[in-house]
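One structure below.
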Number of protein chains: 2
Amino acid sequence: MPFANTEIPGRFQTLLAERGIRMTGQRRAILNVIETAKKHLDAGQILRRARKLDASIDRSTVYRTLGLLKRHGLIDELDLMHLEGEAHYYERKPDRGHIHLACLRCGKIIEFDSDLFESLKAQMEKECGYRIAVARLEVGGYCSKCRT
Amino acid sequence: MPFANTEIPGRFQTLLAERGIRMTGQRRAILNVIETAKKHLDAGQILRRARKLDASIDRSTVYRTLGLLKRHGLIDELDLMHLEGEAHYYERKPDRGHIHLACLRCGKIIEFDSDLFESLKAQMEKECGYRIAVARLEVGGYCSKCRT
DNA sequence: ATTCTGTTGCAACTCTGTTGCAACAACCCG
DNA sequence: CGGGTTGTTGCAACAGAGTTGCAACAGAAT
Ligand SMILES: [Mn+2]
Ligand SMILES: [Mn+2]
Ligand SMILES: [Zn+2]
Ligand SMILES: [Zn+2]
């Protein structure tokens with residue numbers, strides 16, 4: 001997310017419409033916040049940003065919409081090692097899964113792509129007989145600047 | 001954990017003593033619960049079991065002890081896809097990291113070891129310049145019995 | 001035994017997320 | 001375009017997980 005400006009804005013709306021999901025002003029606001037985010041946001045941050053577009057939006061609507069997007073596989077939910085508090089973070093589900101590394105000292109998050117990760121997912125499906133819906137690899141460590 | 005009976009009981013106590021950590025009755029009870037657990041436990045379950053050994057233990061002591069063990073790298077914290085509620089789960093940190101697959105329908109958790117996973121961690125350390133302290137790979141999907 | 005210091009129980013609290021319900025607004029159909 | 005159906009919303013109350021300040025307490029070392 002701190003990357004990928006390759007997203008068509010309104011993508012979520014299209015995908016949800018295709019599946020016959022009713023579109024509302026509140027949902028448009030929330031989708032827009034998530035689609036245009038340049039970093040990982042938690043539910044509280046999404047709420048605050050969405051309220052700038054539609055001041056009446058309630059917390060419960062944000063959670064319900066996040067639930068909807070999760071069920072439809074359009075977003076991923078992350079812990080990011082719960083570096084501050086217990087909130088979960090959200091991001092558009094990328095075409096290709098990526099890994100999150102969090103620095104336990106400075107909090108920097110970096111994202112990482114790897115063919116090895118793709119192979120590993122394939123191996124799990126094959127050897128465990130699971131059909132994978134979501135795979136989260138999150139790493140805590142110390143970035144080059146923070147190593148003691 | 002649903003496996004690994006290869007642990008020396010009292011291992012945690014030794015490791016903490018070596019690091020000059022004060023040992024108390026409450027801690028002994030909690031460590032004992034975690035060391036002998038045959039499945040992943042959340043803080044509430046750990047509390048209930050620990051109270052059978054020392055009835056006066058408080059919730060906050062469990063959380064403080066879990067924090068201690070996490071800081072010392074003796075346990076891992078897991079989401080297990082938050083299949084029921086928002087609690088986190090705990091297990092002894094194994095010598096070799098393993099992957100958790102959760103079935104989104106029946107809740108079955110399976111654990112999986114892979115050389116690919118070890119290589120991937122090595123690759124991340126090398127390419128990202130992070131020193132990895134903890135790596136969590138958690139997968140949600142559908143087990144062979146639950147596939148539609 | 002005494003002292004020092006880290007630990008505990010308690011109670012109150014914060015924060016994240018959920019739910020029942022009545023009012024409301026999309027969307028479909030004619 | 002209305003008008004009805006049904007999914008969605010705000011609200012307010014709730015539930016659950018985890019945290020904190022503090023006074024009493026208990027390890028460990030002398
Ligand atoms: Mn979590
Ligand atoms: Mn495990
Ligand atoms: Zn750092
Ligand atoms: Zn299953």
Side-chain angles (χ1 to χ4, degrees), chain A residues 10 12-34 40-51 53-72 75 77-90, chain B residues 12-14 16-34 40-51 53-72 75 77-90:
Chain A
F12 283 175
Q13 263 193 74
T14 310
L15 288 168
L16 291 173
E18 278 169 8
R19 300 178 200 197
I21 304 298
R22 195 174 290 190
M23 190 47 49
T24 67
Q26 294 90 328
R27 282 182 180 168
R28 257 187 295 272
I30 294 166
L31 301 188
N32 184 43
V33 167
I34 296 173
H40 306 96
L41 301 176
D42 66 28
Q45 295 169 321
I46 293 170
L47 174 61
R48 261 173 274 125
R49 293 184 185 201
R51 276 191 162 150
L53 305 173
D54 175 341
S56 74
I57 295 182
D58 188 72
R59 225 146 46 77
S60 59
T61 300
V62 170
Y63 282 110
R64 290 192 271 232
T65 303
L66 289 171
L68 178 76
L69 295 172
K70 275 193 275 179
R71 283 196 306 280
H72 286 268
I75 57 173
E77 186 177 52
L78 308 170
D79 270 32
L80 299 182
M81 302 316 287
H82 288 309
L83 289 183
E84 36 187 331
E86 297 293 316
H88 291 109
Y89 295 85
Y90 302 89
Chain B
F12 283 174
Q13 264 193 73
T14 309
L16 291 173
E18 279 170 7
R19 300 178 200 198
I21 303 298
R22 193 173 292 189
M23 190 49 48
T24 67
Q26 294 91 329
R27 282 182 181 168
R28 257 187 295 273
I30 293 166
L31 301 188
N32 184 42
V33 167
I34 297 172
H40 305 97
L41 300 176
D42 66 28
Q45 295 168 320
I46 293 170
L47 173 61
R48 260 172 275 126
R49 293 185 184 202
R51 276 190 163 152
L53 305 173
D54 176 341
S56 74
I57 295 182
D58 188 72
R59 241 173 51 260
S60 58
T61 300
V62 170
Y63 283 110
R64 289 191 272 231
T65 302
L66 290 170
L68 179 76
L69 296 172
K70 274 193 277 180
R71 282 196 307 281
H72 286 267
I75 57 172
E77 186 178 53
L78 308 170
D79 269 30
L80 299 183
M81 302 317 286
H82 288 309
L83 289 183
E84 36 187 334
E86 298 293 318
H88 291 108
Y89 296 85
Y90 302 90

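Letters A, B, ... mirror the listed sequences (proteins, then strands); counts begin at 1.
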Quiz item: OP1, OP2 of C/dT18 versus side-chain N and O of A/Tyr63: anything below 4.0 Å?
Solution: no
Practice problem: In whole angstrom, give the distance that lies between atom CG of B/Leu83 and atom C1' of C/dT18. | Solution: 17 Å
Self-check item: Rounded distance (Å) that lies between atom C1' of D/dG16 and atom CD of A/Glu86
Solution: 12 Å
Quiz prompt | Phosphate OP1/OP2 of D/dA17: any B/His88 side-chain N/O under 4.0 Å | solution = no
Quiz prompt | Distance-only donor-acceptor test, A/Arg59 side-chain atoms vs D/dG10 base atoms, 3.5 Å | solution = no
Quiz item: Looking at D/dA13, D/dA12, C/dC10, which one has an atom nearest to any side-chain atom of A/Ser60?
Solution: D/dA12
Quiz item: Quick one: A/Arg22 CZ to D/dT6 P, roughly how many Å, whole number?
Solution: 10 Å
Practice problem: With the side chain of A/Met23 defined as its heavy atoms from C-beta on, choose the nearest nucleotide among C/dC27, D/dA28, D/dT19. | Solution: C/dC27
Quiz item: What are the two closest non-hydrogen atoms of B/Ile75 and B/Ile34, and how far apart are they?
Solution: CG2-CG2, 4.2 Å
Practice problem: Taking atom types as modelled, find out whether A/Asp42 and A/His88 have a side-chain donor-acceptor pair closer than 3.5 angstrom. | Solution: no
Self-check item: Shortest non-hydrogen separation from B/Gln45 to B/Tyr89 and the atoms involved
Solution: OE1-CE2, 4.4 Å
Practice problem: Could you check how far CG of B/Asp58 sits from P of D/dC25, rounded to whole Å? | Solution: 16 Å
Practice problem: Starting from P on D/dA17, measure out to CG on B/Leu66 and report it in whole angstrom. | Solution: 13 Å
Self-check item: Side-chain N,O (B/Thr24) to OP1/OP2 (C/dT8) below 4.0 Å
Solution: yes
Quiz item: Got A/Val33 and A/Leu47 here, is their nearest side-chain heavy-atom distance under 4.5 Å?
Solution: no
Quiz item: Under 3.5 Å, is there a donor-acceptor pair between the side chain of A/Arg19 and the main chain of A/His72?
Solution: yes
Quiz item: So does B/Gln26 get a side-chain nitrogen or oxygen closer than 4.0 Å to the phosphate oxygens (OP1/OP2) of D/dA26?
Solution: no
Quiz item: From the list C/dT16, C/dG9, D/dA17, which nucleotide is the closest neighbour of the side chain of B/Thr61?
Solution: C/dG9
Practice problem: Please report, rounded to the nearest Å, how far the P atom of D/dA17 is from the CG atom of A/Asp79. | Solution: 15 Å
Practice problem: Report yes if at least one side-chain N or O of B/Arg27 is closer than 4.0 Å to OP1 or OP2 of C/dT7; otherwise report no. | Solution: yes
Quiz item: Start at the 5' end of DNA chain C and walk down; is the nucleotide closest to A/Gly25 or to B/Leu68 reached first?
Solution: B/Leu68
Quiz item: In whole angstrom, what separates B/Glu84's CD from D/dA15's P?
Solution: 19 Å
Practice problem: Give a yes or no on whether a donor-acceptor pair under 3.5 Å exists between the nucleobase atoms of C/dG9, that is its base, and the side chain of B/Arg64. | Solution: yes
Quiz item: Rounded to whole angstroms, how far apart are NE2 on A/His82 and P on C/dC15?
Solution: 16 Å
